[in-house]
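For reference, the structure is listed below as structure tokens.
All ligand and atom numbering here is 1-based and tracks the order in the structure.
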Amino acid sequence: MSGIEDPSDDLSVTPPKRWAAGVPAVAHALEYSLEQTSVRRTALTLLNINQVKGIDCPGCAWPEPGPGRRHRNEYCENGAKHINDEATTRRVTADFFREHPIAELAGRSDYWLNQQGRLTEPMVKRPGATHYEPIGWDEALDLLARELRDLDSPDQALFYTSGRLNNEAAFLLQLFARAFGTNNLPDCSNMCHESSGFALQETLGIGKGSVSLDDIHHADLIFVVGQNPGTNHPRMLSALEQTKRNGGRIVAVNPLPEAGLIRFKNPQKPSGVIGRGTQIADQFLHIRPGGDLALFQALNRLLLEAEDAAPGTVLDQDFIDDRTTGFADFAAHARAVSWDDVLTATGLTREEIEQVHQRVLNSGKVIVCWAMGLTQHKHGVPTIREVVNFLLLRGNIGRPGAGVCPVRGHSNVQGDRTMGVWEQMPQSFLDALGREFAFTAPTRHGLDSVNAIRAMRDGRARVFLGVAGNFVRATPDSLVTEEAMRRCRLTAHISTKLNRSHTVCGDIALILPTLGRSDRDVQATGEQFVTVEDSMSQVHASRGRLRPASPHLLSEVAIISRLARSTLGDEPAIPWEEFESDYGTIRDRIARVVPGFEDFNACVAEPGGFNLPNPVNRGVFRTPSGKAVFTRNEFTMPHVPAGHLLLQTLRSHDQWNTVPYAMNDRYRGIHNARRVVLVNPDDLTALGLADRDQVDLVSVWHDGTERRAEDFTAVAYPASRGSAASYYPETNVLVPLDSVADISNTPTSKAVVVRLEPTAARGADKQAQPDQLGQESVTAGSGRGSWAE
Ligand SMILES: Nc1nc2c(c(=O)[nH]1)N[C@H]1C(S)=C(S)[C@@H](COP(=O)(O)OP(=O)(O)OC[C@H]3O[C@@H](n4cnc5c(=O)[nH]c(N)nc54)[C@H](O)[C@@H]3O)O[C@H]1N2
Ligand SMILES: Nc1nc2c(c(=O)[nH]1)N[C@H]1C(S)=C(S)[C@@H](COP(=O)(O)OP(=O)(O)OC[C@H]3O[C@@H](n4cnc5c(=O)[nH]c(N)nc54)[C@H](O)[C@@H]3O)O[C@H]1N2
Ligand code: SF4
Ligand SMILES: [Mo]
């Protein structure tokens with residue numbers, strides 16, 4: 001039995017921090033690392049993380065500087081925590097599963113499950129069984145293969161993956177799914193940057209960011225919108241510090257005054273250790289959630305008016321004329337945006353917005369960075385399209401120091417998409433894949449994450465294979481999703497660590513344990529490396545250095561190759577055995593299928609790897625017109641009835657997505673508890689509540705259904721008026737499955753209409769009024785936008 005206990009809430013609150021990183025960050029990283037593993041393994045991981053011949057940090061997708069410009073410690077507190085969480089010396093063995101029935105594991109916290117350590121051997125739960133039991137690799141993969149072959153249609157299978165997977169395994173996973181006959185490749189991107197992908201593809205012709213680290217360093221003005229870099233992309237603060245040193249300015253837009261946006265103490269520099277640190281944001285816009293589309297539309301209106309006042313001085317007319325389409329329609333619409341609506345939607349003052357406008361006028365090179373604060377809203381796609389409009393107006397696309405910067409989450413989430421992990425890959429990719437491997441890839445679009453849940457719920461999907469993620473915790477509507485998973489014939493997970501998805505089982509369930517990024521990977525032809533692509537399209541190698549957590553582990557490449565052989569039989573055109581024994585042969589095939597990867601093996605052998613150039617930076621827009629596209633976007637606000645708040649579900653400082661590493665959120669001053677809801681003190685008063693009241697969060701949806709998360713502590717916090725914030729995944733139970741972003745189908749994790757019900761009053765009759773509730777959209781100009789105040 002382990003000595004780890006399920007954590008109990010023992011909340012203490014201190015004032016939110018005004019600065020991020022510094023010495024405490026180093027201390028916290030080491031403390032967690034040494035709790036998990038030995039001094040030797042900690043040293044080995046930290047010496048190798050993000051170094052040229054080392055291990056790519058399994059944390060976020062923020063890029064490293066070029067080979068000669070890296071710091072000896074090119075990692076942050078959270079990177080150190082992630083890698084040592086993987087390098088832990090704790091182990092989950094067959095004995096563990098004998099001792100703990102699955103029903104008991106299902107009642108454990110996400111924290112407790114992760115703290116048990118690395119998975120060590122394949123396990124199976126057979127139909128009707130109460131426990132997992134050991135199973136050999138061959139038997140496990142044969143069992144999975146048999147269930148796949150027995151399906152009535154390949155479309156009854158789902159192959160989920162997170163962006164933790166490396167390129168080689170990702171390429172094989174999608175090849176296997178398509179050779180098997182389905183495009184059902186839901187992934188974490190569906191819940192993450194999907195809105196960015198759709199908006200950028202439509203407007204610029206490629207769904208990726210256009211800037212490099214150098215651009216960040218040399219921009220005149222950077223917007224950091226809907227993002228908490230101090231916690232989620234900590235090394236981004238070093239880059240922004242450099243921007244500041246070069247004279248650039250930063251505007252942060254957020255409903256929460258996040259510590260990292262205010263001041264940064266660089267732990268890698270003496271000045272960061274003893275000094276006051278660098279002020280990051282020159283201006284902070286305390287926006288209401290969902291107000292960003294209105295903000296950018298107002299900025300666009302101001303630019304158009306400034307050009308009217310001084311023709312030829314504000315807009316980049318040559319760029320607009322030569323390189324774009326749709327300007328006239330966009331401009332007519334933007335000129336008509338009403339200030340009343342903008343101020344209601346944003347909660348900002350006109351003076352604040354005009355001050356930002358002045359900064360824009362004074363800046364030749366502008367970059368907009370964003371993350372989940374924009375993508376996980378009903379109007380995430382139009383918001384990002386409006387950001388593109390804003391940049392196009394002054395030609396801030398495709399030249400140095402300017403451009404779009406969607407900051408990606410998982411370390412290889414961008415690479416997985418490049419490798420074809422997407423349920424809607426374009427026909428050109430499917431054709432190239434089919435040509436290379438002599439089969440016809442299915443053309444019908446597959447299921448994304450939300451549609452995969454619907455398919456399991458309705459009995460249309462029967463076998464679920466999850467790779468490198470935690471599907472039931474990452475997805476919305478937890479109770480619905482868990483019920484859907486339990487309806488499956490078979491659920492299987494290729495994982496490094498125990499998580500809740502392993503405890504929510506189909507008739508049959510498999511745990512297939514695998515090597516982590518930090519583990520040494522030796523195959524028949526010798527030691528292997530894998531590759532990843534960061535948020536700025538740099539592709540490079542990653543080599544594990546540690547002795548694997550158990551002798552029974554297989555690499556992801558090996559598991560997928562063996563499963564494919566077992567399912568499809570030996571096929572001369574797809575040499576699975578060769579792929580498993582020499583990953584270089586996978587890269588040779590990627591080189592022939594994926595544009596930009598010609599000479600892959602040679603290019604990736606270069607120190608630091610190679611960059612996939614974004615065509616936008618050569619003035620090439622792969623849109624149907626061959627030009628960048630101005631769009632016309634209606635701005636809509638979620639309708640929040642009186643007495644309700646708009647809840648965003650976000651990350652604490654001490655978690656990696658669905659996995660809490662500790663119960664603290666240091667920068668926000670929250671200690672020893674996660675079931676808290678942060679609310680503006682004036683909103684608390686208006687709702688008749690007081691700081692530290694115990695409340696249930698009740699989400700209301702326009703079909704009248706209610707969802708409840710119980711026993712939260714309300715904490716008075718400088719959140720913007722009408723909003724609330726609480727941690728994911730505890731609050732995923734509140735996000736209705738049908739509450740999704742237009743076009744991208746991304747769950748609206750940052751916009752859940754809730755009321756706070758005193759826990760003591762639970763059960764009292766508080767029926768929702770169906771006609772008042774939910775996310776019906778309110779169009780600008782209609783004057784119907786109402787906020788809970
Ligand atoms: N330590 C750590 N690092 C991580 C992760 C992790 O879990 N832990 N996860 C990784 C992954 S997969 C991802 S996708 C990224 C996520 O990185 P972030 O997007 O930074 O993550 P969130 O915690 O979801 O924070 C969203 C931010 O947007 C703000 N926000 C919410 N709604 C709005 C809005 O309407 N407008 C504006 N302007 N702001 C808004 C919130 O206040 C918050 O600051 O981080 C990656 N890095
Ligand atoms: N309410 C709400 N929901 C959200 C979000 C939100 O902001 N709010 N954010 C969404 C976003 S942005 C994302 S990206 C998703 C994240 O969703 P996922 O990516 O599915 O979740 P993770 O928590 O990253 O997955 C953790 C598990 O991955 C496995 N793992 C870790 N490393 C490896 C490895 O190297 N190989 C293998 N095979 N397995 C490994 C471990 O077993 C671990 O338990 O959640 C989404 N869900
Ligand atoms: S910023 Fe991201 S990639 Fe860099 S060390 Fe931190 S977690 Fe890892
Ligand atoms: Mo993400």
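- Below 4.0 Å from some heavy atom of Gln376 lie the following atoms of ligand 2, by number and element: 5 (C), 6 (C), 7 (O), 9 (N), 10 (C), 12 (S).
- By the 3.5 Å distance cut-off applied to N or O atoms, Met191 is not counted among the residues near ligand 2.
- Only the side chain of Arg651 comes within contact range of ligand 2, with a heavy atom under 4.0 Å; no backbone atom does.
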Side chain to side chain contact (heavy atoms under 4.5 Å, CB included) evaluation trace for Trp137 with Leu554: CA-CA 9 Å; Trp137 275 109; Leu554 292 181; 3.5 Å; yes
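- Proximity of Trp656 to ligand 2, defined as any heavy-atom pair under 4.0 Å, is shared by backbone and side chain alike.
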Show your working on ring-ring contact (aromatic ring centres under 6.0 Å, His included) between Tyr111 and Tyr661 and close with a plain yes or no. CA-CA 6 Å; Tyr111 169 83; Tyr661 290 159; 9.1 Å; no
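- No side-chain donor from either of Arg545 and Ser518 sits under 3.5 Å from a side-chain acceptor of the other.
- Side-chain contact check for Ser411 and Arg517: at least one donor-acceptor pair (N or O, by modelled atom type) lies under 3.5 Å.
- The proximity of Asn50 to ligand 3, defined as any non-hydrogen pair under 4.0 Å, is limited to the side chain.
- Within the model, atoms CG of Leu240 and OG1 of Thr243 stand 5.0 Å from one another, a figure rounded to the nearest 0.5 Å.
- Residue Ser162 approaches ligand 2 through these ligand atoms, each under 4.0 Å from one of its heavy atoms: 19 (O).
- Comment: Asp521 does not engage Arg543 in a salt bridge, judged by the lack of any side-chain N to carboxylate O separation of less than 4.0 angstrom.
- The residue Arg473 has no part lying near ligand 2, judged by heavy-atom distances below 4.0 Å.
- At least one heavy atom of Ile494 sits closer than 4.0 Å to an atom of ligand 2.
- In this structure, of His82, Lys750, Met372, the residue bringing a heavy atom nearest to atom 7 (O) of ligand 2 is Lys750.
- Numbered from 1 in the order shown, with element, the atoms of ligand 2 that lie under 4.0 Å from a heavy atom of Thr649 read 1 (N), 2 (C), 6 (C), 7 (O), 8 (N).
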Trace of the ring-ring contact (aromatic ring centres under 6.0 Å, His included) decision for Phe464 with Phe471: CA-CA 10 Å; Phe464 175 98; Phe471 189 78; 4.9 Å; yes
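- Per-residue contacts place Ser749 under 4.0 angstrom from the following atoms of ligand 2 (heavy atoms of the residue considered): 1 (N), 2 (C), 3 (N), 6 (C), 8 (N).
- For ligand 2, the polar-atom distance check finds an N/O of Ala474 within less than 3.5 Å of one of the ligand's N/O atoms.
- Looking at ligand 2, you won't find any N or O of Thr514 less than 3.5 Å from one of its N or O atoms.
- For a distance bound of 2.8 Å, the N, O or S atoms of His233 include none lying that close to atom 6 (Fe) of ligand 3.
- A salt bridge does not link Arg69 with Glu64: none of the charged nitrogens is closer than 4.0 Å to a carboxylate oxygen.
- Remark: side-chain polar atoms of His100 are not paired, donor with acceptor, to backbone N or O of Phe97 under 3.5 angstrom.
- Residue contacts to atom 4 (Fe) of ligand 3: Gly59 brings no N, O or S atom closer than 2.8 Å.
- For the pair Thr496 and ligand 2, the shortest N or O to N or O distance falls below 3.5 Å.
- The atoms of ligand 2 that sit less than 4.0 Å from any heavy atom of Lys497 are 41 (C), 42 (O), 44 (O).
- Heavy-atom separations between Leu650 and ligand 2 are all 4.0 Å or longer.
- Counting the atoms of ligand 2 from 1 in the order shown, those under 4.0 Å from a heavy atom of Cys188 are 14 (S), 19 (O).
- No hydrogens or angles considered: nothing links the side chains of Gln376 and Thr748 as a donor-acceptor pair under 3.5 Å.
- The N/O atoms of Glu556, backbone and side chain alike, include one that comes under 3.5 Å of an N/O atom in ligand 2.
- Interface atoms of ligand 2 facing Asn499, defined by a heavy-atom separation under 4.0 Å, are 27 (C), 42 (O), 43 (C), 44 (O).
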